[in-house]
Each structure stands twice: as structure tokens, then as C-alpha cells.
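Let me begin by presenting the structure, written as C-alpha cells, before commenting on it.
Lettering of chains follows the sequences in order, A, B, ..., and the numbering in each one begins at 1. Keep in mind it's a predicted model, so treat the numbers as computed, not measured.
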Amino acid sequence: MPGFKKFLPLLLLFALALFLRFYRLGSVPVQLGNDEISIAYDSYSVSRTLRDERGNFLPIAFQSHNTYKAPLYAYMAMIPIRLLGNTTASARTTSAVFGSFSVLLLVIIVHHFSRNFQLSLISGLVLATAPWHLLTSRHTLETNLALFFTLAGLALFLRSRLILSGLFFALSLYAYHTQWGYTPLLIFILFIFTRKRLAPFLAVFLITLLPLSIDFLKNRHITARSSTEMLWTTGYVRSEFQRGRIPALHGLSFFTSAFLGNYSDYLNPGWLFFSGFQLFDPHDAFNQGLLLQIELPFLVIGLISLRRYFAKNFKFLLALGAISPLIPALTQGGVSLYRDLVSVVPLSIFIAAGIYRFKRLGLAALTLSFLIFAALYFKHFPLHFAVRFQYGYEQIAYFLKTVYDQYDHLRIDPHFGPTNTFDGVPHLYLAYYNKMDPLLLQNRRESRDRGLEFAKYQILAVDWERLTPDPRTLYVVSAANLPPPSITWPQPLKTIYYPDGVPAFAIFKSPP
Amino acid sequence: MNRNSFFWLAITFLASVSINLAFHNPLITSILNALSLSLALLCVLPFTQGRAMLFPLFSLIPLYYFAPRYPAISFLELAAPLGLLRPRLFPVWIPIIILCVLLQGNIVNLPRSFDHERLIAPTTEYKLAVKRQIEESLYLPYKLREPLAISFGLTNLYLTNFFSFISFFNFYQTLLLTNTVLAVVGLSAKFNKLLISPLILALLVAGATKLPDKTLFLFTARSSLLLLTWLGISKLNLSPRRYFALFILGLVFTAYAWI
């Protein structure tokens with residue numbers, strides 16, 4: 001019984017993590033977004049045909065929207081999607097499960113460094129309630145899975161299970177592209193600080209990476225993210241190497257300045273604690289940070305107290321904090337909470353050290369702050385910005401399935417949004433939610449004039465002024481692209497609304 | 001103050017005037033900037049311990065060759081280094097610094113006008129956001145919805161702006177990279193906290209301003225930043241040679257416009 005009593009708080013923590021990640025998983029956020037539906041559909045397609053949306057056989061990189069995503073999530077999501085069906089919740093289940101286990105792994109890691117069970121529990125609690133980790137655990141995205149494998153690799157390494165550690169670290173590279181740079185860096189500093197035997201670890205690590213390495217070398221000019229996402233590939237950085245009094249030095253100085261600017265942005269307390277998690281419009285007064293606001297002073301206290309609680313291990317933790325934003329800072333496109341998710345680990349540890357110093361006050365403050373965040377996230381957030389998640393396509397998919405046999409042709413305009421300028425991927429929603437035979441999309445027809453065609457569906461922009469009605473045809477357009485008053489032949493069939501009551505899409509049928 | 005220190009202060013003054021003039025600043029502004037720098041360096045003499053030869057490097061700090069929109073601001077800003085010399089006169093120099101910050105941030109304009117449009121609230125977006133929260137917060141008792149929404153929204157907005165301004169980027173662009181790192185180290189040194197009140201005031205007002213410009217606001221805090229930098233140098237016991245090397249390295253890797 002004493003053993004069970006000791007681990008009861010840990011079980012409760014895990015239960016809390018599971019609850020927070022599974023509660024309304026299918027409706028908060030309101031729908032699978034652009035990247036999520038791509039991963040979910042690829043997972044479904046591979047589970048049925050061993051081929052992705054484009055017909056590639058067991059790919060190492062999923063082509064997606066020509067973003068060539070890391071493969072591991074799609075393969076792992078096959079299980080819940082096959083077991084639970086093609087739903088929003090089933091697509092996100094993999095992330096929620098591994099996100100919950102990440103909390104346990106952090107407890108193990110912190111306990112190893114501090115030998116303090118309470119402190120390690122608090123670290124787990126900080127991670128379990130971190131908006132950053134909650135957000136990514138409730139999305140069908142690779143970064144959270146990669147974090148799990150990184151933490152697992154770290155935990156196993158610290159327990160000297162080097163072969164397993166090498167395997168999990170290698171798998172983290174299959175999970176997300178940030179880990180391509182971050183994991184080797186982490187391994188490097190681990191060996192600097194621990195001086196463990198290299199050979200068995202490296203052997204497993206490198207052998208596991210062979211397929212990924214071969215795929216990278218074969219396709220690096222096309223599919224490698226390093227050829228599109230890195231700072232040095234941007235035109236404006238490259239052009240600086242041809243300017244200035246000493247071009248090479250000028251270019252290097254410019255690149256370093258750009259990198260430092262990015263690195264600084266990732267450490268900006270405003271972004272981390274107040275504005276990084278955009279629940280509403282940018283600059284809205286009720287946006288939240290990636291970490292709970294009240295945790296900022298505890299972060300400072302924790303950094304000051306680090307040596308006290310972690311003894312000689314504090315240097316490793318500081319190094320971990322310093323290297324975490326390095327790889328994301330080398331990418332273009334501004335700050336990304338997904339690319340920088342690895343930073344949530346050291347930050348959670350530092351915050352926990354601060355909370356541990358003022359246990360009751362810290363835990364009370366954390367609880368209050370989390371309740372405020374939870375109200376905003378679970379109650380207010382789903383009502384707004386549904387457009388960000390291409391809301392409406394799921395409802396359209398279900399509706400079109402019910403009327404599929406009544407029409408010969410179903411045309412969907414891929415544009416959406418308040419000004420009809422966003423490009424959507426309705427074909428993926430249709431194919432996923434209606435559990436269509438993946439062969440239909442794999443054998444699609446695509447042309448400039450006729451758009452994307454598969455089965456009875458045609459994904460092509462609708463220009464009412466130029467359109468002549470086809471018999472037995474259904475038209476799906478965004479609410480910002482309704483037929484002008486001069487065109488009277490389209491017969492309204494259904495309107496799809498955003499959660500806040502604003503029309504999102506309209507469905508019309510051609511006259512009989 | 002010994003001869004050596006006086007010599008380097010004089011060189012620094014001349015160097016600062018020259019750099020200001022090279023950046024096409026008016027003569028009066030150039031002299032006032034140089035004077036402010038020299039006075040601030042005079043305050044930090046006790047920490048310099050034979051490092052006076054580094055003084056001229058500080059004239060390269062962007063904050064010391066910036067020309068504010070009113071030359072009067074440069075004059076008012078002298079209250080900050082004078083405050084470092086005589087901290088006990090804070091009832092005199094702190095109000096002057098407050099005025100300086102408000103003028104610099106364009107919140108107060110001469111001769112006497114207050115531009116509330118510069119502030120973060122109340123704006124149309126803020127009011128709409130508060131209204132939205134009040135309408136949707138059905139889980140709260142009715143009477144609490146409005147006061148909670150207003151107070152939380154305003155606090156959140158202010159703190160977001162405040163902490164977003166405190167970024168490494170803002171400081172190293174205005175204070176230079178090496179000095180910024182040293183200033184952070186200097187924060188942990190023992191010193192009279194009143195001496196960094198210009199910095200705190202500047203940050204507090206920047207937090208209340210829409211899109212605060214880093215140079216405009218940190219201009220009035222430059223003496224405090226200089227003090228912190230020297231406290232950092234003293235705490236790390238950095239030799240002049242090492243500081244010089246780090247300074248040049250920091251300059252090369254961030255001041256690409258000069259290369």
C-alpha cells in the first residue's frame with residue numbers, strides 16, 4: 001500500500017493529462033485543419049492501400065501539399081483511425097495519447113536530475129497544463145509525437161538503456177523535421193555531460209536512420225525541407241552575400257543578425273507568456289501565451305534556484321534551454337510554436353523549480369491561471385476563428401454523402417473565407433470523412449481547365465458569371481461567393497454556418 | 001578622478017560629438033548626446049578599475065548618436081546621468097525623466113497636448129473584444145462579467161505589450177550585442193535599484209503604447225543601461241582586451257550595415 005500511495009499522485013497526474021487531452025477532442029479545435037486533414041487522410045489511405053494520397057508506396061516523406069511531411073505520425077495514426085473510424089477525434093488520438101505519456105516521461109527525467117519526487121511531479125503538472133503542449137497534443141500534427149520520442153530517448157539514455165535510447169532518438173527524426181537538427185545536438189551535449197559509451201548507441205541510431213538518410217540523399221533537391229525552410233535558402237539572405245564592402249563578411253553578418261533576431265523572438269517573454277497562442281485575432285486583448293501567464297515570475301525564480309534543486313545537473317538543463325530554440329531560429333517564416341515545441345521541456349522544468357520554491361502559492365496561482373485559460377480555450381475559442389480550420393468541409397462531406405446518388409456531378413469551389421481568397425483542400429475532407437476508396441484519389445484526374453476530378457466530384461472554382469448550368473449538378477461555394485442577383489438559376493439547397501452563426505458555405509443545385 | 005580617466009573621458013566626448021555629426025545630427029544634439037555619455041561614464045568610474053581606455057567604444061552605442069525629435073528631450077535626458085551622480089535628488093530627476101519618456105514616446109507633444117491614440121486602450125478592437133467576452137461568459141455570475149472582462153482584458157493587453165518590448169532583439173539593436181549580455185549580468189550585481197528607474201519608467205510607458213519604438217523609449221534609459229553594462233564588466237572582471245575583442249566580434253556579427 002505505501003508503494004501505491006507514493007505513486008498515486010503520479011497516476012492522478014497522468015489521469016489529468018489524459019483528461020485535458022481527450023476532453024472534447026473532436027470539437028476543440030472545431031475541425032481538422034489543412035495539415036491535419038492531409039495527415040489523417042494519408043494515414044487512412046496507407047492503412048487501406050499501403051499508398052498515400054498521391055499513390056506513393058509506403059513513403060518516407062508524405063508529399064501532402066508539396067510540404068513533404070515527416071512520416072511517423074501518419075503511420076502511427078493508422079491504428080486509431082482503423083479502430084475508431086474516420087473522425088476528427090480518431091485522427092487526433094495518437095497525439096493525445098503520446099502527449100499524455102510525454103508528461104510521465106518528463107517526471108522520470110526530472111526525477112533523475114533532481115532526486116526530488118515532488119519537484120518532478122510539479123514539472124509534469126506544468127507540462128500537462130501548458131497551453132503549448134495542450135494545443136499540440138490536440139492536433140493531428142507531427143511535432144508532439146516527435147517530442148515524445150525525444151523525451152523517451154532522453155529518459156532511456158539517462159537510465160543507460162543505450163540501445164533503446166538510440167532507437168527512440170532515431171525515431172524522433174522520422175516524426176518531425178526540427179528533430180533532424182535538434183536530436184543530434186541533444187545527443188552531443190548528452191555525451192559531453194555524461195561521457196557514456198558511444199558505440200552501441202550510435203550503431204542503433206545510425207542503422208535506424210538509414211532509410212531516412214537514403215530518401216534524403218535521393219530527393220534532397222525536391223523533398224527536403226532543408227532546401228525550402230532554412231534561413232540560408234531565402235532570397236533576401238542569399239542576396240546579402242553579394243552586397244557590402246566585403247560581401248562574404250557582410251552576408252555572414254546579415255545572416256547572423258537574422259538568426260539572432262529569430263532566436264531572440266523565440267525567447268521573447270511576450271510571445272511565450274502572453275501572445276503566442278492566438279485564440280482570437282492578433283492583438284486581441286484575450287489572447288494567451290504558450291505558457292500560463294502566472295508562470296513568468298516562477299520562470300525567473302526557477303532559473304535562479306536551478307542550482308539549488310539540480311546540483312551539478314543544472315548546467316545540462318541550462319544547455320538544454322539554450323539549444324532548444326536553435327534549430328527553429330535557423331528557419332524562415334517567423335516564430336512557429338510547432339517548430340519550437342522542444343523548448344517547452346526546459347521551460348517547464350525551470351518553471352517547476354520556481355513553483356516548488358513557493359509550493360502552495362505557486363500551485364494555487366497555476367490552478368487559477370489554468371482555469372482562466374481553460375475557459376477561454378474550451379468555451380470561447382471554438383466559437384471564433386473557425387475559418388482558420390477550414391470549418392464547414394466536414395459538414396459538407398457528410399451532407400454530400402447523403403445526396404450523392406441524386407446527382408451526376410458535385411462541383412466544389414476550393415476557395416473559402418470571408419473574402420473567398422483562402423485555398424482549401426475539400427477533396428481530402430470528402431475522401432476522409434466519407435471513407436472513400438483511396439484508389440479514387442490516387443487515380444484522380446487533374447488539369448488546369450477542369451481542376452481535380454475523382455468519382456462524381458470536381459474541385460474547381462465557381463465563377464457564376466461564366467458558368468452554364470449542367471443538369472443534375474450540385475455546386476458548393478463559400479458564403480462570400482454567392483450567385484449575383486442577375487443569375488437566378490441556382491437553387492439554394494443548404495447553408496453551412498460557422499459556430500458563431502455567420503454563413504460559411506452555401507450549396508446550390510442546378511435547375512431540373 | 002585621475003588624469004588617465006579624465007583623458008579618456010575627453011576623448012570619448014570628442015569621439016561622440018564626431019560620430020553624432022557624422023550621422024548628420026544637429027550640433028546641439030551632438031553635444032548633448034556626448035555630454036550625457038560623459039556624465040554617465042563619470043558615474044561608473046568607481047567600477048571601471050583601469051578600464052577607462054574602453055570609454056570611447058561606448059560612443060558607438062546607437063542610443064548615443066540618436067537624435068530625438070525635440071532637442072529639448074536631449075537636454076531633459078541629462079537628468080538621468082545626473083540622477084546617477086546624485087540619486088538622493090530623485091524627487092527632482094525622476095519627474096523630469098517621466099516627462100522625457102512621455103515626450104519621446106509621442107504621448108505628450110509640445111507645447112501641451114496628450115495623444116491618447118498612442119495608447120493601447122481603449123480602442124475599437126479592445127471594446128469589441130470586451131463586449132464579446134461579456135456576452136459569451138455565461139459561466140460567470142452576471143454582475144461579475146463586465147468588471148472581470150474589462151480588468152482582465154486591459155491587464156492582458158498591457159502585459160503582452162510590456163513583455164513583448166523586453167526582447168533581446170530590442171536591446172542588442174540599441175545597446176549592441178556585447179553590452180546587452182553584460183547588462184543582463186549586471187542586473188545580478190549589487191547596486192542602488194533607484195539608479196535603473198529611468199529604464200523601468202521607459203519600459204512601463206512603452207508597455208502602454210501601441211507599437212513602441214525601441215530606440216525612442218530606450219533613449220531615456222541609456223544611462224541606466226550603461227551602468228548595468230559596467231556592472232556586468234566589473235562582475236565578470238573582464239579585461240579591456242577581452243571586452244574589446246567581444247565588442248568587435250559583436251559588432252561584426254550584427255552591424256552588417258557598416259560592412
Side-chain angles (χ1 to χ4, degrees), chain A residues 237 240-241 243-276 279-289 293-294 296 300 303-304 325 335 371-372 374-376 378-384 499-500, chain B residues 120-140 148-173 177 180-181 184 187-188 206-207 210-212 214 249-259:
Chain A
V237 170
E240 294 296 331
F241 280 87
R243 290 192 190 155
R245 295 189 186 89
I246 311 168
L249 197 56
H250 173 87
L252 184 63
S253 177
F254 184 86
F255 171 77
T256 317
S257 194
F259 165 72
L260 276 174
N262 280 353
Y263 191 83
S264 161
D265 288 341
Y266 277 111
L267 295 177
N268 188 310
W271 181 68
L272 287 172
F273 291 94
F274 295 93
S275 63
L279 296 167
F280 309 104
D281 280 326
H283 310 299
D284 190 283
F286 294 88
N287 276 327
Q288 294 290 287
Q293 292 162 347
I294 203 67
L296 175 54
V300 177
L303 281 167
I304 296 167
V335 286
L371 287 173
I372 293 171
L376 289 168
F378 287 107
K379 170 67 185 165
H380 299 272
F381 169 59
L383 296 173
H384 303 280
D500 58 2
Chain B
I120 51 173
T123 59
T124 311
E125 293 82 9
Y126 167 76
K127 288 175 186 168
L128 284 172
V130 167
K131 183 170 176 280
R132 180 198 70 220
Q133 286 303 118
I134 293 169
E135 284 169 2
E136 292 173 6
S137 301
L138 302 175
Y139 48 86
L140 288 174
L148 280 178
I150 290 171
S151 52
F152 181 80
L154 204 54
T155 311
N156 201 39
L157 205 57
Y158 177 78
L159 290 174
T160 304
N161 219 34
F162 178 83
F163 285 105
S164 297
F165 186 77
I166 306 179
S167 75
F168 185 59
F169 176 82
N170 280 353
F171 284 95
Y172 82 70
Q173 287 270 302
L177 183 60
T180 303
V181 174
V184 172
L187 275 172
S188 62
K210 278 181 206 162
L211 301 173
K214 54 186 180 298
L249 200 66
L251 211 59
V252 165
F253 283 113
T254 53
Y256 56 89
W258 292 2
I259 303 171

Segment of B:Ser188 engaging chain A (4.5 angstrom heavy-atom cut-off): neither

From A:Phe286 atom CZ to B:Arg132 atom CZ, the distance as rounded to the nearest 0.5 Å: 6.5 Å

Toward chain A, the part of B:Leu177 with a non-hydrogen atom under 4.5 Å: side chain

Spatial distance of atom CG (A:Asn287) from atom CG (B:Leu157) [nearest 0.5 Å]: 9.5 Å

A:Leu260 portion near chain B, given a 4.5 angstrom heavy-atom threshold: both

Side chain proximity check, A:Leu376 to B:Gln133, heavy atoms < 4.5 angstrom: yes

Beyond-backbone contact of B:Ser137 with A:His380, side-chain heavy atoms, under 4.5 angstrom: yes

Side chain to side chain, A:His283 and B:Ile120, heavy atoms closer than 4.5 Å: no

Non-neighbouring partners of B:Tyr172 that pass ring pair (Phe, Tyr, Trp, His ring centres under 6.0 Å), sequence neighbours left out: B:Phe168, B:Phe169

Spatial distance of atom OG (A:Ser264) from atom CZ (B:Phe171) [nearest 0.5 Å]: 10.5 Å

Contact winner vs chain B - A:Asp284, A:Ile372, A:Ile304, A:Asp265, heavy-atom pairs under 4.5 Å: A:Asp284

Toward chain B, the part of A:Leu272 with a non-hydrogen atom under 4.5 Å: neither

Pick from A:Ala285, A:Pro247, A:Ala375 with the largest number of heavy-atom pairs that fall under 4.5 Å of chain B: A:Ala285

Interchain contact, A:Phe273 with chain B, by part (heavy-atom threshold 4.5 Å): neither

More than 12 heavy atoms from other groups under 6.0 Å of NZ on B:Lys131: no

Within-4.5 Å side-chain heavy-atom neighbours: A:Asn268 and B:Ser164: yes

Any donor-acceptor pair under 3.5 Å from B:Asn156 side chain to A:Phe274 backbone: no

Over 12 foreign heavy atoms within 6.0 Å of CG, B:Leu138: yes

Side chain to side chain, B:Glu136 and A:Leu383, heavy atoms closer than 4.5 Å: yes

